[in-house]
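The sequence lines fix the lettering, A, B, ..., with proteins before strands; numbering per chain opens at 1. Scope of the values below: all heavy atoms of this structure, side chains included, with no hydrogens, waters or symmetry mates.
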Amino acid sequence: MSGLKLRGVRKSFGSVEVIRGIDLDIEPNEFVVFVGPSGCGKSTLLRMIAGLEGITEGELDIGGTRMNDVDPSKRGIAMVFQTYALYPHMSVRQNMGFALKFAGVAKDEIDRQVDEAARILELAPLMHRRPGELSGGQRQRVAIGRAIVRHPEVFLFDEPLSNLDAELRVHMRIEIARLHKELATTIIYVTHDQVEAMTLADKIVVMRDGSVAQVGSPLTLYDDPDNLFVAGFIGSPKMNFLKGVVAESGADVRLPEYGDQIIPLHDSVARPAAGTDVTVGIRPEQFEPDGRTKLDLKIEMIEHLGGETYVYASHNDGEVITVAARDARAVKPGQNFVARFNPTSVLLFGTDGNRIR
Amino acid sequence: MAQTRFDRNAQLNGWAFIMPAMMLIGIFMVYPILWSLWMSFQVGRGTNFKFGGLANVERLLNDPVFLRALTNTCIFFIVQVPIMIILALLFAVALNDSTLRFRGLFRTAIFLPCVTSLVAYSVLFKSMFSGDGVVNNVLLATHLVNDPIPWLTDPFWAKIVIILAITWRWTGYNMIFYLAALQNVDKSIYEAARIDGVPAWARFTQITIPMLKPVILFTTIISTIGTLQLFDEVNNITQGGPGDATLTLSLYIYNLTFRFMPSFGYSATVSYVIVIMVAILSIAQFMIARDRRRTA
């Protein structure tokens, strides 16, 4: 199984640069997820790896070979598309065996490999159907099957679950994770859904405006984001960002919009000069009833999810803060609400959006 | 009770709404069709005719001019329809390629002949292909030929001119159908094929053509019917000549009715030959398409 190396990879359409210099290492057998908002270039980057888009500048290396100008079919990759891209006039069996036919594989061997893929994906009873006669989930499995029979070094998935309904999406997510274990290949997976990224990835590449915002394991990105963008993108509901100013002492942050509440700074955090504007980040799930610091808020809206309750509250009609509370079944909109947290759990960001560590 | 009255009212309203159209269709389509069927059993000249049973059919089978017209029509459609369909498909695929420059210009250029008047373009073709016309002048000037080609005076070349003319006029029309169908095809299917290592030619024959099959069937039927009814071009370019070499069934019907001593009954019989041919060919084309679907 192959790893990938990207060095200074760029892509321009005319004068518009959509991929602005990406350096990335993907280890063999790694499950890497490209995630980011729409238009961030994640699909374009995947298509450049696949060979469907040219590389304007930089080096792409798959399994130790430079692949910049190699034909897509010779890169040792297989791709699963968002729209499945099945051949509508062929049966499931023909769809899955089509590539092998052109690779010069003997008919018996094609049948054997297609049957093997069908077994893995539990497609055997559907082999004679046309794509039009299959459900979304089944089509998705056929598309994956078509990729499997080629025994690629690297699997590419382009938002494969976004056309499925919520329940099926969870199911297919588990299927793909299982498949990764079973096949033990490198997988590059593009999604805009951070839950998919968190649950599937060994390594997440968060992209923004054609550049990499941060690379790391799911928990690294969650616990230790490098910048406001990653902090806001990873985690659901979103991290709360509060405007703060470093207090005169230099050891605390004052929150002017929250009644000048003081948050003592962590010992390990670099001390910005007094009077510096900062952004304080705190995740909804990091509020805890016995926290040492508190915010006095007024509840605007409540979402009961059963196990958890999301409280949306603000101070003096300022910015709304989301609090995930476990024992807030009785609270009502309009009530006062005290949100407590420990100052050790907050993250500090500078005005440039980068983390202050 | 109330329900039934309402139903009856709805029924009456419905009929009232479609009645004007039904009457027009009845007067201008159903009645002439039935009347021409009746006419096809009449023999006689001008307005002076009487019932003759199958006499017209008998005349048909022994009429060398009719057999000539039938043969010519079949040659036109057997040669021209496949050429045009394949050409239209190739144009459509080429023009669907987003990397092609001046796509809009080519698309317009290929479609434009369809909006020109049949008579106007026929007259132009006639002048272009005449003995000292543009085509011969260009061929002579570029030394591609040493003597002018007798385009309109030789039976073989006259057929070629007619085939060239209708191909020029109708290829763009068929291409538009293919182009529309191709633009509905998900691009990722072709990308998947590229990744699967399917060569360009196989992408065309094994993906594009099967996916366009319903449209190809439709255009083939439309083109077949059109060619069987071929009239304007032959009437204006060659008048069926030289020596009936380009005489088509439609032109023969016209001649029988309006040029020669009018023989309405017989020309109605010839018209029904076209009807029967169109019916048989359309059914055959549907059957072929359906059989393939079953075996696939």
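Here A:M79 contributes atom CE and B:D196 contributes atom CG; the two are 12.0 Å apart, rounded to the nearest 0.5 Å.
Interface remark: A:K74 contributes no atoms to any contact with chain B (heavy atom separation under 4.5 Å). Contacts of A:A143 with chain B are absent, with no heavy-atom separation under 4.5 Å from either backbone or side chain. Interface residue A:I77: backbone and side-chain heavy atoms are both found under 4.5 Å from chain B. Heavy atoms of A:R75 lying under 4.5 Å from chain B are absent altogether.
Shortest non-hydrogen contact noted between A:S73 and B:G197 is CB-CA, 3.2 Å. Listed here is the closest heavy atom pair of B:P199 and A:F102: CD-CD2, 3.4 Å. Here the shortest heavy-atom pairing between A:Y87 and B:A193 reads OH-CA, 3.2 Å.
The greatest number of non-hydrogen atom pairs below 4.5 Å with chain A, out of B:I195, B:I189, B:D186, is found for B:I195.
Without hydrogens or angle criteria, A:H89 side chain to B:Q206 main chain gives a donor-acceptor distance under 3.5 Å. No donor-acceptor pair closer than 3.5 Å links the side chain of B:R194 to the backbone N or O of A:D71.
Along residues 157-164 of chain A, no residue comes nearer than 4.5 angstrom to chain B, judged on non-hydrogen atoms.
With a 4.5 Å cut-off on side-chain heavy atoms, A:P88 and B:M211 count as touching.
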